[in-house]
Amino acid sequence: QKARIGVTGLAVMGRNLARNLARHGHPVAVHNRTSARTKALVEKFGGEGTFLPAETPERFVESLERPRRLVVMVKAGGPTDAVIDEFAPLLEPGDMIVDGGNANFADTRRREAALRDRGIHFVGTGISGGEEGALHGPSIMPGGSAESYEALGPLLEDISAKVDGTPCCVHVGPDGAGHFVKMVHNGIEYADMQLIAESYDLLRHAAGLAPDEIAEVFRTWNTGRLESYLIEITAEVLAHTDVATGRPFVDVVLDQAEQKGTGRWTVQTALDLGVPVGGIAEAVFARSVSGHAALREAARSLPGPSRGAVADSGFADAVEKALYASKIVAYAQGFHEIQAGSAEYGWNIDLGAMATIWRGGCIIRARFLDRIRAAYEADPHTPTLLTDDHFAEAVGDAQDAWREVVATAARLGVPAPGFSTALAYYDSLRADRLPAALTQGQRDFFGAHTYRRTDRDGAFHTLWGGDRTEVSA
Ligand code: 6PG
């Protein structure tokens, strides 16, 4: 018997993906650099389906039916290249290597091009949902050729999460499109987490609520328009009491957030594409600030405002509104980045389809994504989600509360970079005139960089050092 698909790299994500495939009735070949892991998987979970363990790359490749589907689940970066170098020589034209790690899309483009020359399909695939998702149904974002999706799509759709019967898996676009979209997914994840963290911080330090009371607030929010996996687990984390000390868990965790890189890439890529993603950038920076222990220690003695907490009973509702509005902005920015990446690389990504496959399985899964799907259905080419009828109305309704929350945060000295940047972005887009006109004047003054006018076409320069007349540049 041959396996329909194979997984190499059997750490927790790879192992769970292999089990998911086996549980869905797909015979799966399994391989790991050290074969103890392969043995352990088959011993423990062999009863869940048909596993074909292989000790060597050669045996692994031999055990796959053709065209071969080989899923690589190793650490992104060097290890991925090492696995490709090891397996590619054993493959034949038409075979597929699926990279399910959190690879940088530029690496994926490079690998895809190199393997395409040898007739091998390289399918950079975003997989979201953590270990549980990998086992019970993740959200899957495959890139690579349309031809490879014909052979892979049905399998991946089969093991993906389903929402209303629709699989959370779709062909995103060619070469690095899948990993690009997964990267932005993670950037949005960072922004969403940061906004939730700021909400908690305000409820704690502006409204004076205790962690278990805040958990209740999040539970309530989770029954409304904010309903999402991240809100749900936030309530769990806040309600948890540390076993060793009996204190709220959130108070015993060191307040230095770590990151593996996908959020940072989202911002770096946005800078290259010229797309403003302040919500994601502030989320990355907030983690960075938190990690600078010496800097924070040095600055701890700086003065803050003298006022105390606000005990307004309506404050939690205001924070809910600020959170919803800021979340809309963060998602609008992330989707703008996907739109820009798609245009830059010619990927032709269907934005509504991305919202559709994020409704289930992934970390940012939420009721809200159905709204985004609907927005792109109504207007696939909308320049921003903010002007969609539903979102425009929601943000319009929320804005007074949102402004109050940002003002309260500033007044009380509670940092709220995510809420603030989202509001500034909203007001920038709305503005009739931006002070960018002044910036242009300054640039022309000190560097003769020229400017365009509102009333005439062309580039102009003012003779600042002379009689200040204008010349055509
Ligand atoms: C997912 C997650 C997953 C991983 C993040 C964590 O979609 O399942 O995004 O990919 O948990 O990369 O990222 P940080 O370690 O950078 O927070």
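Ligands are counted one by one from 1 in listed order, and the atoms in each one are counted from 1 as well.
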Validation: residues 354-366 side-chain donor-acceptor distances under 3.5 Å, sequence neighbours left out:
from	atom 1	to	atom 2	distance (Å)
Thr356	OG1	Gly352	O	2.7
Arg359	NE	Thr356	O	3.2
Arg359	NH1	Asp370	OD1	2.9
Arg365	NH1	Gly361	O	3.3
Arg365	NH1	Cys362	O	3.0

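- Taking atom 8 (O) of ligand 1 as the reference point, the nearest protein heavy-atom neighbour is Gly129 N, 2.9 Å.
- Taking 4.0 Å as the cut-off between side-chain N and carboxylate O, Arg247 and Asp242 do not count as a salt-bridged pair.
- Of the protein's heavy atoms, Ser128 OG, 2.4 Å lies nearest to atom 7 (O) of ligand 1.
- Considering both main-chain and side-chain atoms, Lys182 comes within under 3.5 Å of ligand 1 through a nitrogen or oxygen pair.
- Among all non-hydrogen protein atoms, the one lying nearest atom 15 (O) of ligand 1 is Lys260 NZ, 3.0 Å.
- The pair Lys39-Glu43 does not count as a salt bridge, with every side-chain nitrogen at least 4.0 angstrom from each carboxylate oxygen.
- Against a heavy-atom cut-off of under 4.0 Å, His185 is close to the following atoms of ligand 1: 7 (O).
- We find that Arg118 and Asp95 are not joined by a salt bridge, their nearest charged nitrogen and carboxylate oxygen being 4.0 Å or further apart.
- Within the listing of ligand 1, atoms 1 (C), 2 (C), 7 (O), 8 (O) sit less than 4.0 angstrom from a heavy atom of Ile363.
- For atom 11 (O) of ligand 1, no protein non-hydrogen atom is found at a distance below 4.0 Å.
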Derivation and outcome, side chain to side chain donor-acceptor pair (under 3.5 Å), residues Gln194 and Glu198: CA-CA 6 Å; Gln194 174 63 21; Glu198 289 177 22; 2.7 Å; yes
Check against ring-ring contact (aromatic ring centres under 6.0 Å, His included), Trp265 and Phe105: CA-CA 9 Å; Trp265 295 344; Phe105 78 96; 8.8 Å; no
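- In terms of protein heavy-atom proximity, atom 16 (O) of ligand 1 is closest to Tyr190 OH, 2.4 Å.
- Salt-bridge check for Glu131 with Arg15: failed, with every basic side-chain N at 4.0 Å or more from each acidic carboxylate O.
- Heavy-atom separations between Gly130 and ligand 1 include at least one value shorter than 4.0 Å.
- The closest approach between Cys362 and ligand 1 stays at or above 4.0 Å for every heavy atom of the residue.
- Looking at Glu216 and Arg219, a side-chain N of the basic residue comes within less than 4.0 Å of a carboxylate O on the acidic one, giving a salt bridge.
- Of the candidates Arg264, Arg287, Glu131, the one placing a heavy atom closest to atom 17 (O) of ligand 1 is Arg287.
- When heavy-atom distances to ligand 1 are checked against a 4.0 Å cut-off, Glu132 has no atom that comes that close, whether in backbone or side chain.
- Atoms of ligand 1 lying under 4.0 Å from any heavy atom of Gln259, numbered from 1 in the order shown and given with element: 16 (O).
- For the ring-ring contact (aromatic ring centres under 6.0 Å, His included) with Phe391, the qualifying choice from Phe368, Tyr324, Tyr331, Phe335 is Phe368, the only one to do so.
- Salt bridge status for Asp107 with Arg110: present, with a side-chain N to carboxylate O gap under 4.0 Å.
- Polar contact with ligand 1: absent for Ile127 (N/O pair, distance under 3.5 Å).
- The one candidate from Phe419, Tyr426, Tyr425 that meets the ring-ring contact (aromatic ring centres under 6.0 Å, His included) condition with Trp402 is Tyr426.
- In this structure, the protein non-hydrogen atom closest to atom 4 (C) of ligand 1 is Asn102 ND2, 4.3 Å.
- Taking every non-hydrogen atom of Asn186 and a distance limit under 4.0 Å, the qualifying atoms of ligand 1 come out as 5 (C), 7 (O), 9 (O), 10 (O), 12 (O).
- Protein heavy atom at the shortest distance from atom 9 (O) of ligand 1 is Glu189 OE1, 2.7 Å.
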